[in-house]
Visitor: 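I have a structure I would like to understand better, so I am pasting it below and will then ask my questions one at a time.
Values below: every heavy atom of this structure, side chains too, minus hydrogens, waters and symmetry copies.
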Amino acid sequence: SAKPSAKPSAKPSAKSSVNVEADNNGSCVQCSDEVTPWMQNNTKTCASWPATADRCNTTYWLDNQFCAQTCAETGLAYNGTNCCVEEEDPTPDTNTDCPTCEDIPSKWMTTNGFACSTWKGLKGKCGPEGQTQSFIDNKFCALSCYERFGISYLDGDGNEERCCDREA
């Protein structure tokens, strides 16, 4: 759900009059993400340019309210604006449609210091070069097999066990 950005100040900046009326009645507004001329010439967007947050409090940006929505979303709302920002849902995702797969290496891999996520030989065990029965039966490196090659092991009923995607 959307909630207003930081509490608006009493002193609006030069171009904030559009948003001030919305601020006075307590409603948040969808602010614009107008880019600077330099950003436009260099095909940068407010949301994807890493330096945006560093510029939100500069005089030039404040006076022109460049990237107002993105600045508000990073906690740097312009004075006199009340941009709507999405609240993060504090409840964890409890999706049970897919199992949480693990990266359990075989005994040989452990003995030789190989990790499922980086071992180049994995493609011959569960990838495009074939699958070995011991890897299938023991579900070795299930997460890496799924993430690297799209290979899912089967459950006890012969149905594909699609792994949950790992959170970034």
Visitor: Between Asp33 and Cys46 (side chain of the first, backbone of the second, donor and acceptor by atom type, cut-off under 3.5 Å), is there such a pair?
Guide: no
Visitor: So Gln65 and Glu34, do their side chains get closer than 4.5 Å, heavy atoms only?
Guide: no
Visitor: With no hydrogens and no angle check, is any side-chain donor or acceptor of Thr58 less than 3.5 Å from a backbone partner on Arg55?
Guide: yes
Visitor: Can you confirm whether Ser117 sits close enough to Arg148 that some side-chain heavy atom of one is under 4.5 Å from a side-chain heavy atom of the other?
Guide: no
Visitor: Under 4.5 Å between any side-chain heavy atoms of Tyr78 and Leu62, yes or no?
Guide: yes
Visitor: Kindly work out whether a path of hydrophobic side-chain contacts (I/L/V/M/F/W/Y, heavy atoms less than 4.5 Å apart) joins Val35 to Tyr60.
Guide: yes
Visitor: Do Thr52 and Trp61 have side-chain heavy atoms sitting under 4.5 Å apart?
Guide: yes
Visitor: Does a side-chain heavy-atom distance below 4.5 Å link Cys116 with Met109?
Guide: yes
Visitor: Using a strict SG to SG cutoff of under 2.5 Å, would you count Cys56 and Cys71 as disulfide-linked?
Guide: yes
Visitor: Any pair with a residue in residues 41-50 that passes side chain to side chain donor-acceptor pair (under 3.5 Å), sequence neighbours left out, goes on the list, sorted by first then second residue, please.
Guide: Thr45-Ser48
Visitor: Are any non-hydrogen side-chain atoms of Leu122 and Ser144 less than 4.5 angstrom apart?
Guide: yes
Visitor: With side chains defined as the heavy atoms from C-beta onward, is the minimum distance between Pro105 and Phe140 less than 4.5 Å?
Guide: no
Visitor: Going through the checks in order, is the side-chain contact (heavy atoms from CB on, under 4.5 Å) test met by Cys145 and Lys139?
Guide: CA-CA 9 Å; Cys145 289; Lys139 298 183 182 182; over 6 Å; no
Visitor: Which residue, Phe135, Phe114, Tyr146, forms the side-chain contact (heavy atoms from CB on, under 4.5 Å) with Cys141?
Guide: Phe135
Visitor: SG of Cys67 to CE of Met39: how many Å apart, nearest 0.5 Å?
Guide: 4.0 Å
Visitor: Suppose the criterion is side chain to side chain donor-acceptor pair (under 3.5 Å): which pairs have a residue in residues 105-116, not counting sequence neighbours?
Guide: none
Visitor: Taking the two cysteines Cys31 and Cys84, do their sulfur (SG) atoms come closer than 2.5 angstrom to each other?
Guide: no
